[in-house]
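No hydrogens, no waters, no symmetry mates; every other heavy atom, side chains included, goes into these values. Note that the structure is a prediction, hence the values are computed from the model and not measured.
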Amino acid sequence: MASKETISARAFAPAHITGFFEVHDHTDPVRKGSTGCGIVLNAGVETTVTIGETIEETAISLNGKHVAGSTSRTVVEMLTDRPVKVESIAQIPIECGLGASGAGALGTAYALNRALSLNLTANKLNEVAHVAEVRNRSGLGDVAAQSLGGAVIRTSPGAPGIGACDRIPTGESDVFCIVLGKLPTGSVLGNEEAVRSINTAGKVAMKRLMVRPSIENFMTCSRDFSIGTKLANEKVTDIIEDVEAVGGIASQAMLGNTVFAMGANCKGAEIEEILSCFGQVLHYRISPGSIRMI
């Protein structure tokens, strides 16, 4: 590399909504993670990394604002000792259960791999992003799903290449979301009593899903999980009931104060109208795609 050359690379990683999960602890962050099921969306996070002589220290920005960006910073530290400028643009809400930190970590890893010509495989890059998530308590299973796309069943825990996943065959169905507020993942995962409740309900939900692995059953299992664990507050429960009254089905994104809803195509407009009573409705689709260079 020439002394004053500046190199940039950009990558996109998709959002992911977990419907239910079970925490699996391990001293090795590569093997720590979660099992459960969720859906990957067509929106996500675009991340640009820049490396050059003019960059003196690593700096992270999100939507144009400087942030600590602990998870993405960990990715940088795992891949290089050079200072890096990391700029992420999120097409999704942050700290609301849509896997934004995982998407940012993946985008950072893939973009750095291109910019620095590291020649690492997808599994290795996905592992780096997963470990960064685990170390920063920002997620446990998003990266595994985001690396695949579609409706992902995480059947054993750990980083991609270590844990195992399956998928529910599905089309690019509409997904409607309404964000009620932020809920940092670490605030729940740090509560031992909450984790015990989550693990009990998550085990039951997984058994029910595998009897009939369909999107409809996934949504039902997710709804029952959110209510059974008491993660769904009264307002979330009210919205779920209102969506069901028009023939749709809704649940809470894990872990976030966000309701997501689905239904048959003919019910989409009715679901969107119901949700609009509670705030701005975000409209996504399930995406079979994964991480890509831009």
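Taken together through direct or relayed side-chain contacts under 4.5 Å among Ile, Leu, Val, Met, Phe, Trp and Tyr, Ile39 and Phe225 form part of one hydrophobic cluster. A continuous path of hydrophobic side-chain contacts links Val75 to Met293 [ILVMFWY only; heavy atoms under 4.5 Å]. Linking Ile, Leu, Val, Met, Phe, Trp and Tyr residues whenever their side-chain heavy atoms come within less than 4.5 Å leaves Val152 and Ile162 in two separate clusters. Note: the hydrophobic cluster containing Met262 does not contain Ile274 (ILVMFWY, side chain heavy atoms under 4.5 Å, direct or indirect links). Taken together through direct or relayed side-chain contacts under 4.5 Å among Ile, Leu, Val, Met, Phe, Trp and Tyr, Val84 and Ile55 form parts of separate hydrophobic clusters.
Among Thr108, Leu120, Val49, the single residue meeting the side chain to side chain contact (heavy atoms under 4.5 Å, CB included) criterion with Leu79 is Leu120.
Side-chain contact between Phe176 and Val259 is absent, with no heavy-atom pair separated by less than 4.5 Å. At a threshold of 4.5 Å between non-hydrogen side-chain atoms, the residues Cys177 and Val175 count as touching. For the pair Phe20/Met254, no side-chain contact is recorded, criterion being any heavy-atom separation below 4.5 Å from C-beta on. With contacts defined as side-chain heavy-atom distances shorter than 4.5 Å, the pair Asn63/Ile89 qualifies. Counting heavy atoms from C-beta on, the side chains of Met219 and Phe260 come closer than 4.5 Å. Residues Ile153 and Met206 are in side-chain contact: their nearest non-hydrogen atoms beyond the backbone lie under 4.5 Å apart. A 4.5 Å side-chain heavy-atom check between Leu140 and Lys32 finds at least one atom pair inside the cut-off. Counting only heavy atoms from C-beta outward, the side chains of Pro93 and Leu98 approach each other to under 4.5 Å.
Nearest approach of Phe12 to Gly44, heavy atoms of both residues: CE1-N, 3.5 Å. Looking at every heavy atom in both residues, Val246 comes nearest to Lys267 through O-CD, 3.2 Å. Closest heavy-atom contact between Ala132 and Asn136: O-ND2, 2.8 Å. Minimum heavy-atom separation, Pro213 to Ile168: O-CG2, 3.4 Å. Taking both residues in full, the closest heavy atoms of Ile92 and Ala43 are given as CG2-CB, 4.0 Å, listed atom of the first, atom of the second, then distance. Heavy-atom minimum distance, Ser8 versus Thr48: CB-CG2, 4.4 Å.
For Arg208, the CZ atom sits in a packed shell: over 12 heavy atoms of surrounding residues, nucleotides or ligands are nearer than 6.0 Å. Within a 6.0 Å sphere centred on CZ of Arg10, heavy atoms belonging to other residues, nucleotides or ligands number 12 at most.
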Inset, instruction - Given salt bridge (Lys or Arg N to Asp or Glu O under 4.0 Å), test Arg196 with Glu193 step by step and report yes or no. - result: CA-CA 5 Å; Arg196 280 195 296 271; Glu193 186 177 344; 5.2 Å; no
Inset, instruction - Check step by step if side-chain contact (heavy atoms from CB on, under 4.5 Å) holds for Tyr284 and Gln91. - result: CA-CA 11 Å; Tyr284 306 113; Gln91 304 160 350; over 6 Å; no
Inset, instruction - Step by step, work out the side-chain contact (heavy atoms from CB on, under 4.5 Å) result for His130 and Asn126. - result: CA-CA 6 Å; His130 174 85; Asn126 298 339; over 6 Å; no
Legend entry - side-chain contact (heavy atoms from CB on, under 4.5 Å) between Ile51 and Leu112, worked out: CA-CA 9 Å; Ile51 298 141; Leu112 271 176; 3.8 Å; yes
Inset, instruction - Give the intermediate values and the outcome of side-chain contact (heavy atoms from CB on, under 4.5 Å) for residues Leu148 and Ser290. - result: CA-CA 6 Å; Leu148 288 173; Ser290 181; 5.9 Å; no
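Using a 3.5 Å distance cut-off with no hydrogens or angles, the side chains of Thr71 and Ser138 do pair a donor with an acceptor. Side chain to side chain, Ser88 and Thr47 meet the donor-acceptor criterion of an N or O pair below 3.5 Å. In summary, the side chains of Arg154 and Ser34 do present a donor paired with an acceptor at a separation below 3.5 Å, with no hydrogens or angles considered.
Distance check: Ile291 CD1 to Leu106 CG gives 4.5 Å after rounding to the nearest 0.5 Å. The CD1 atom of Ile294 sits 6.0 Å away from atom CZ of Arg292, with the distance rounded to the nearest 0.5 Å. Distance check: Ser251 OG to Ile227 CD1 gives 7.5 Å after rounding to the nearest 0.5 Å. Thr80 OG1 to Asn113 CG: the interatomic distance, rounded to the nearest 0.5 Å, is 12.0 Å. In this structure, CD1 on Ile94 lies 7.5 Å from NZ on Lys182, to the nearest 0.5 angstrom. Rounding to the nearest 0.5 Å places OG of Ser72 at 12.5 Å from CD of Glu87.
Remark: the backbone N or O of Cys96 is paired with a side-chain donor or acceptor of Thr258 at under 3.5 angstrom. In this structure, the side chain of Gln146 engages the main chain of Pro14 through a donor-acceptor pair within 3.5 Å. Between the side chain of Asn199 and the backbone N or O of Val23, at least one donor-acceptor pair lies under 3.5 Å. Remark: the backbone N or O of Ile198 is not paired with any side-chain donor or acceptor of Thr229 at under 3.5 angstrom. Gln252 places a side-chain N or O within 3.5 Å of a backbone atom of Gly256 that can act as its donor or acceptor partner. Counting only distance, with no hydrogens or angles, the side chain of Ser197 and the backbone of Ala194 share no donor-acceptor pair below 3.5 Å. Put simply, the side chain of Glu172 never gets that close to the backbone of Arg285: no donor and acceptor are under 3.5 Å apart. A side-chain donor-acceptor contact under 3.5 Å links Ser222 to the backbone of Gly19.
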